[in-house]
Undergrad: 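Mind looking over this structure? Questions follow.
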Amino acid sequence: MSRTTWRAGVLGVTALLAALLVLTLGSAAGARVAPQAAETPTATTISLGTKDFTEEFVLGQLYKQALEHKGITVDYHENIGSTEVIQTALRSGKIDAYPEYVGEIVQTAYHVKKLPKTAHAWWALAKSLLAKDGYALTNPTPFYDVDAIAVRKADAKKYHLKTLFDLKRLQNSSKRPKNFSIGARPEFKNREEGYLGMRHVYGLTKLKYVSLALGLTYKALDQKKVFCVNVFSTDAQLASGKYTVLTDPKLIFGVQNVAVIVKQSAATTQVVSTLNAVSAKLTLKAILAMNKATQLNKQNPADVAKKFLAANGL
Amino acid sequence: MSFEVGPLAASPPVIPNYGGPPGGAHGCIARNGTFCWDWVKGHWGDVLQPRLLEHLELTVIAVGIGFAIAFAAALFAHRQRWFETPFSTFSAFLYTIPSLALFQLLVPFTGLTKLTIEIGLVGYTLLILFRNILEGLRSVPGDVLEAAHGMGLTGRQILLRIELPLAFPAISAGLRIAVVTTISLATVAAYITPLGLGQPIFYGLATDFTTEFVATAALAIALAIVADGLLVLAQRMFTPWARARRRTA
Amino acid sequence: MGARPEAHGVISAFDTFKPHTFVDAFRFMADNPGLMWQKTAEHLQISGEAMGIALLIAIPLGVWLGHIHRGSFISINLANIGRALPSLAVIAIGLGIFGIGQTNVVFALVVLAFPLMLTNAYVAVDNIDPDVVESARGMGMRPHQILLRIELPLALPLIFAGIKTAAVFVVATATLGGIVGGGGLGDIIVNQASYFLKGVVAASIAVAALAFAANFAFALLQRVVTPRPLRKRLRAIEPDVSTGVAEPTTA
């Protein structure tokens, strides 16, 4: 080998390492500087998270942009995870606030067994439970979105399925289809207001569980990989007429209006009133329109939220 | 039971007209097609390109830090033989943890941050880099070292002028595997923190948008292959003697 | 923060990671034998199918190409590309093509395992000392006899090195199937919500154990199929063809 080549090699490697070092330090410094640069002396900062599905991405953008409009700096963490996961992110101080479904607070976070009778009582119970732990709960949205079980319309007709009890009848009959399974997101499995409840309350013990990423449930149903799937009642896909939602006579899926959980220290009057103003406009019609735009028409949640806020003067 | 609660809006909301899907009511996006070129073109600037750069940054930082650690450890193990076993056992242990789990295990300590991703990625580079660097240093024949000693070269001179140049092929081969492995694992890291090309993949999976995860996956594959190819070229450029040897063999 | 979530039975998986999480992980295995066995069996089935398919295509093809000394460009570069493929990306594209379920995961694993096996098989046979082959021919052996009695036995160490690397890789990567409805131990790893960190750790331990077991099983198989006089060679470390160093893989 020639000396010059080797020297060039060493030079190259050294240059590469130096570039790496600069990049590393640069980005570390950048990360440190950025939030300070954005801060003005009067503005407050709030760290806002969202759960892991489309409706939460829309809600997160609505609240985020409304807060920013009021001059509040938002440190935004989208797509954190299920209730269980985002609750721990909240309680370990990794975020200050996130939009949550009232029933999830009562059932999944606090495991309350004796459930309230009215929707308002659910919200009030959630608020009082959270208050003890140092969290505020904003007013609930007018719209609600519950977990539901959907089957293909053709199957619903063929097997005469209307409620979850009919699913049990099918399970115990000779006509039980081969793919008698439910496709659902992972965390649905061990919840009383989920698969466990379906087994305990409706006796669906022979229903196999297929764990799926949340966005894949309708695909799995369309591709007949599963017999039924866990859906949300506000999903835009349900309007397509391809699916039948089975009713839940025992109401295991609870009451699910949305409210924002905010750490007490971050829940200033300005923050809470801004969040409440947004929530008050979120009727079922409004959220269905936004879900359709994002879920079916693949528009960006940030743009969809921006248009809605602008139209409503928020 | 009535569901509608809360202070119903004094005035009902104005619902803007969102229009249909991009590309028309019967277009590729409306059908949720496997690969809609329109979407790729339309979102190169705001989704794909920024994520690609982020991915590159994640990879470069991880491999850079991993290399520095592995290099120091390998040099030390080259002089102090006892150090090899504990360090390679430690890095092999890290290596056996499935990435999907490792990133979750780090969250309690470092949160939902870039740091969590980088620690995981650095951890995965150590085994490959350490083994290759050490192997390279040890591949120098004993008589070559003796001759160097005989010529009166100091330890540092031997390292810089003899051992490292001769170890270069093994080191660069390790670097190459470390880079492609890191590119691959960095996509999984987005399961925890939405950074890099994994973000649109997981986002597409969460929102049932096939094009988004298919197109991003294709981009990730292209990135890995291009990076691998460039490293081969760099390796050849820096070790012309290896090619000459290959030709004469 | 003064809140004590446990007092209200709040799930708090993230902030309770302590050294005893590892002890809890073993307790988790003992407490949930049904779940652990079912998911391990699924994991084994997916990995086994993928390994079987990849073996059946890659080994005969690689050995044959090596035997006729053709296709070096393809078989060597294929391995490099195959090694570079990001696993999650392959699974995501497979999902777009094959839809949800095990087919997609098995396909992705075959795609990832195939090049590792092919290259080693090709190089193993291609690199056999020409003098050995020549003398066999001089002894009047026919081509297929040379292949089966001379080339294949001599190539076994490298062929098995490729198979073992692929096996470890396949078992580790099958974990990603949990994201796309493929089943297996990944179902537990992506479900911290239901199984907590201890369940995630328990499933990870099971994946690692399975990978070691797969490696061991193929090492055993190698011993069984290697002719007795050649067995001593097994003790030497088989170097990987492209790096010169025994090479690990993860996912």
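Chain letters run A, B, ... following the sequence lines, proteins first, then strands; residues in each count from 1. Since the structure is predicted, the reported quantities are computational estimates derived from the model, not experimental observations.
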Undergrad: Chain B heavy atoms under 4.5 Å from A:Gln237: which part of the residue, side chain, backbone, both or neither?
TA: side chain
Undergrad: Answer with yes or no after comparing the ring centroid distance for B:Tyr191 and B:Phe202 against a 6.0 Å cut-off, counting only values under it.
TA: yes
Undergrad: Chain B heavy atoms under 4.5 Å from A:Lys292: which part of the residue, side chain, backbone, both or neither?
TA: neither
Undergrad: Looking at A:Thr54, A:Leu214, A:Thr294, A:Asn312, which one has more heavy-atom pairs under 4.5 Å with chain B than the rest?
TA: A:Asn312
Undergrad: Taking the six-membered ring for Trp, is the centroid-to-centroid distance between B:Tyr203 and B:Phe209 below 6.0 Å?
TA: no
Undergrad: Is it the side chain or the backbone of B:Thr211 that comes within 4.5 Å of chain A heavy atoms, both, or neither?
TA: neither
Undergrad: After noting the C-alpha distance and the side-chain angles of A:Tyr218 and A:Tyr243, does the key distance pass the ring pair (Phe, Tyr, Trp, His ring centres under 6.0 Å) rule?
TA: CA-CA 9 Å; A:Tyr218 287 99; A:Tyr243 315 104; 5.2 Å; yes
Undergrad: Quick check on B:Asn32 against chain A: is it the side chain, the backbone, both or neither that has a heavy atom closer than 4.5 Å?
TA: side chain
Undergrad: Which one wins on heavy-atom pair count under 4.5 Å against chain B: A:Lys298, A:Met290, A:Lys219?
TA: A:Lys298
Undergrad: Among residues two or more places apart or on two chains, list those pairs meeting ring-ring contact (aromatic ring centres under 6.0 Å, His included) that have a residue in residues 42-65 of chain B.
TA: B:Trp39-B:His43
Undergrad: Exactly one of A:Glu100, A:Glu84, A:Glu78, A:Glu187 should register a salt bridge (charged side-chain N to carboxylate O under 4.0 Å, His left out) with A:Lys51. Which one does?
TA: A:Glu100
